[in-house]
Amino acid sequence: MNAPAPYYAQGGPFAVRFNALFGKLARLGISLAGTAELSVRGRASGRMQRIPVNPHRYEGAQYLVSARGHSQWVRNMRVAGGGELRVGRKVRAFTVTELTDPVEKAAVLRAYLEKWGWEVNRFFQGVTAKSSDATLQAAAADHPVFRITVTK
């Protein structure tokens, strides 16, 4: 029996165009609500892949949360171990540590949903910032979370 595929909510044509616009704005130095452009080396191509993200600060640390689940940037990040965040000319190189503890992830996810829920709730399959700890912990496996350590 095959294990189910990891959760991933792929973006449609509108989302792809929307993300391209937000990525371009970040490259030009316009950050809407804190967005930045993530660059991470592709695990197969070796080329830098770019996507807009919502870096999230929680208890003094910065995180990247994949609202859409186990996306291509997540898979690339696991292999690359880091990347760059860009807003205009400001580029911050970083390494990552992926959170694996569901309790720790749930706390970050709750704070992330409090800030970004208006934009990402639809990807959390009914889970919101007001969900119980147990519900957030159960959802944690579907939403990778990386702690960022800036290197330059």
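For the single chain, residues carry numbers from 1 onward in sequence order. Here the structure is a predicted model, which means the values were calculated and not measured.
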So do Pro144 and Phe146 actually touch side chain to side chain, heavy atoms under 4.5 Å? yes
Are Leu85 and Val87 close enough that some pair of their side-chain heavy atoms sits under 4.5 Å apart? no
At what distance, to the nearest 0.5 angstrom, does CG of Leu99 lie from CG of Leu64? 10.5 Å
Matching residue for Pro52 among Leu38, Asn19, Leu21 - test: side chain to side chain contact (heavy atoms under 4.5 Å, CB included): Asn19
Phe22 vs Phe18 aromatic rings, parallel, tilted or perpendicular, using cut-offs 30° and 60°? tilted
So among Arg47, Arg41, Met48, which one has a side chain to side chain contact (heavy atoms under 4.5 Å, CB included) with Ser45? Arg47
Applying a strict under-4.5 Å side-chain criterion to I, L, V, M, F, W and Y, I'd like to know whether Val53 and Trp116 cluster together. no
Under the side chain to side chain contact (heavy atoms under 4.5 Å, CB included) rule, what do Gln49 and Gln72 come out as? Steps first, then yes or no, please. CA-CA 9 Å; Gln49 306 295 312; Gln72 294 301 318; over 6 Å; no
Just how far is it from atom CD of Glu104 to atom OH of Tyr58, taken to the nearest 0.5 Å? 9.0 Å
Between atom CZ of Phe94 and atom CE of Met77, what is the distance when rounded to the nearest 0.5 Å? 4.0 Å
Side chains of His143 and Phe124, heavy atoms from C-beta outward: is any pair under 4.5 Å? yes
OG1 of Thr151 to CD of Glu84, rounded to nearest 0.5 Å, is 8.5 Å
Between CZ on residue Arg68 and CZ on residue Arg122, distance to nearest 0.5 Å: 6.5 Å
Least distance between heavy atoms, Val40 atom then Ala80 atom: CG2-CB, 3.9 Å
Side-chain heavy atoms of Tyr112 within contact of Val145, under 4.5 Å: no
Please assess Ile148 against Arg92 for the test side chain to side chain contact (heavy atoms under 4.5 Å, CB included), listing each intermediate value before the final yes or no. CA-CA 10 Å; Ile148 295 172; Arg92 294 179 297 146; 5.9 Å; no
Check: Leu113 and Leu136 side chains under 4.5 Å, non-hydrogen atoms: yes
What distance do Tyr63 atom OH and His56 atom NE2 have between them, rounded to the nearest 0.5 Å? 8.5 Å
Do Val108 and Val96 sit in the same hydrophobic cluster, where Ile, Leu, Val, Met, Phe, Trp and Tyr count as joined when their side-chain heavy atoms come under 4.5 Å apart? no
Taking Tyr7 as the starting point, is it possible to reach Leu109 by hopping between hydrophobic residues whose side chains are less than 4.5 Å apart? yes
Is there side-chain contact between Asn54 and Val65, with at least one heavy-atom pair below 4.5 Å? no
Looking only at atom types and distance, does a side-chain atom of Arg50 sit under 3.5 Å from a main-chain N or O of Lys24, one as donor and one as acceptor? no
Is any side-chain heavy atom of His70 less than 4.5 Å from a side-chain heavy atom of Arg78? yes
Sequence neighbours left out, what passes side chain to side chain contact (heavy atoms under 4.5 Å, CB included) with Arg86? Give chain and number order. Arg27, Glu37, Val91
Student check: side-chain heavy atoms of Thr128 and Asn121 closer than 4.5 Å: yes
What one should report as the nearest heavy-atom pair of Trp73 and Ser66 is CZ2-CB, 3.6 Å
